Amino acid sequence: VKEPTHLIVFDLDGTLLDGHGAGHQAMERAFGAVLGMPGDFDRLDFAGRTDPAMLRLAAERVGVSLAPDDWPRLWAAFVDALKETVGSTGALPGVRALLDALKANPRVGLAVGTGNIEAGADLKLRAAGLDGIFDVGGYGSDGESREEMLAVALARGRAFFEAPGALALTVGDTPRDVAAAHYHRVPCIAVATGHYTAAELSAAAADAVLPSLADRSAFYRAVEAVSGRPIVD
Ligand SMILES: [Mg+2]
């Protein structure tokens, strides 16, 4: 295990990969299969929300309050459906090369911080060819709010790398990602590869904004700018 100076927590959808609606479709199917009626996922703003938060919202909009024993059935149906829809998922440009470089960098510990439940995140990472990169993370299955999820990601990352003093930062694609990072007093590098423009992410107070993760040097400069310490010489 390395002793990194930096813990970098990556969001998945819109940041590392594009699921082309795989998760959304799987969620609609699971809802119908378990509850026997369609949920209202129309114009539901998925960006930056956790999977449990989206299911609860879709249920509330059709007047259904989910019972405790609905949840395990919903997740089982969701994972089954996602296995069928996830094939459309792909890594965003430059992501695999950047993650390989970061994984090999002794100054960097990598973690996932995503609203996907853990089983869903694993399926999406594998479909995008990004498996084998992350050893640790926080997921929608760890907390319904992005803030709760990120608390788990940060704690697990620091524990896994035995680096309690590592400079933490997050990389995400939505104003909710920025807000959750700032809630934990952690900077957020925002990438405009999801549903938000660079201008919108700047307006949401992202600490740095990049058009994408395709330019590795630009990413390294952003990490140094937001953390005050370089990860490459
Ligand atoms: Mg995202």
Side-chain angles (χ1 to χ4, degrees), residues 8-27 41 43-55 57-58 78 82 85-86 88-96 98-99 110-128 130 133-134 137-154 157 168-184 186-214 219 222:
I8 308 183
V9 180
F10 279 95
D11 170 59
L12 296 192
D13 295 274
T15 300
L16 296 184
L17 54 84
D18 185 351
H20 297 282
H24 184 158
Q25 287 166 35
M27 210 166 272
F41 291 88
R43 292 179 300 282
L44 187 56
D45 172 20
F46 273 61
R49 290 195 200 274
T50 67
D51 286 353
M54 287 187 286
L55 274 172
L57 263 175
F78 171 69
L82 188 60
T85 61
V86 78
S88 56
T89 302
L92 289 162
V95 161
R96 177 79 218 196
L98 173 64
L99 291 179
L110 292 175
V112 169
T114 175
N116 285 276
I117 63 167
E118 185 167 3
D122 287 348
L123 285 170
K124 287 186 181 177
L125 284 167
R126 204 174 318 145
L130 299 175
I133 299 281
F134 296 99
Y139 303 89
S141 33
D142 295 313
E144 188 161 335
S145 78
R146 201 161 184 97
E147 285 76 13
E148 287 173 82
M149 174 283 290
L150 187 56
V152 173
L154 291 166
L169 61 113
T170 70
V171 185
D173 71 303
T174 75
R176 285 196 182 92
D177 298 42
V178 178
H182 289 179
Y183 177 85
H184 292 290
V186 163
C188 180
I189 298 173
V191 287
T193 42
H195 292 294
Y196 292 89
T197 64
E200 287 168 331
L201 294 165
S202 291
D207 301 274
V209 180
L210 298 172
S212 76
L213 294 175
F219 181 78

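Model, not experiment: these values are computed from the prediction. Both counts, for ligands and for their atoms, begin at 1 and track the order of listing.
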Under the criterion side-chain hydrogen bond (donor to acceptor under 3.5 Å, both in side chains), which of D11, T50, T174 is the partner of R146?
D11
Taking NE2 in H195 as the centre, count heavy atoms belonging to other residues, nucleotides or ligands within less than 6.0 Å. Is the count above 12?
no
Quick check: does D173 have an N/O/S atom under 2.8 Å of the Mg ion (ligand 1)?
yes
The Mg ion (ligand 1) has as its nearest N, O or S atom from D13 the atom O
Side chains of V95 and L17, heavy atoms from C-beta outward: is any pair under 4.5 Å?
no
Residues two or more places apart in sequence or in another chain: which of them pass side-chain hydrogen bond (donor to acceptor under 3.5 Å, both in side chains) with R96?
D100
Of the N, O or S atoms in D11, the one nearest the Mg ion (ligand 1)
OD2
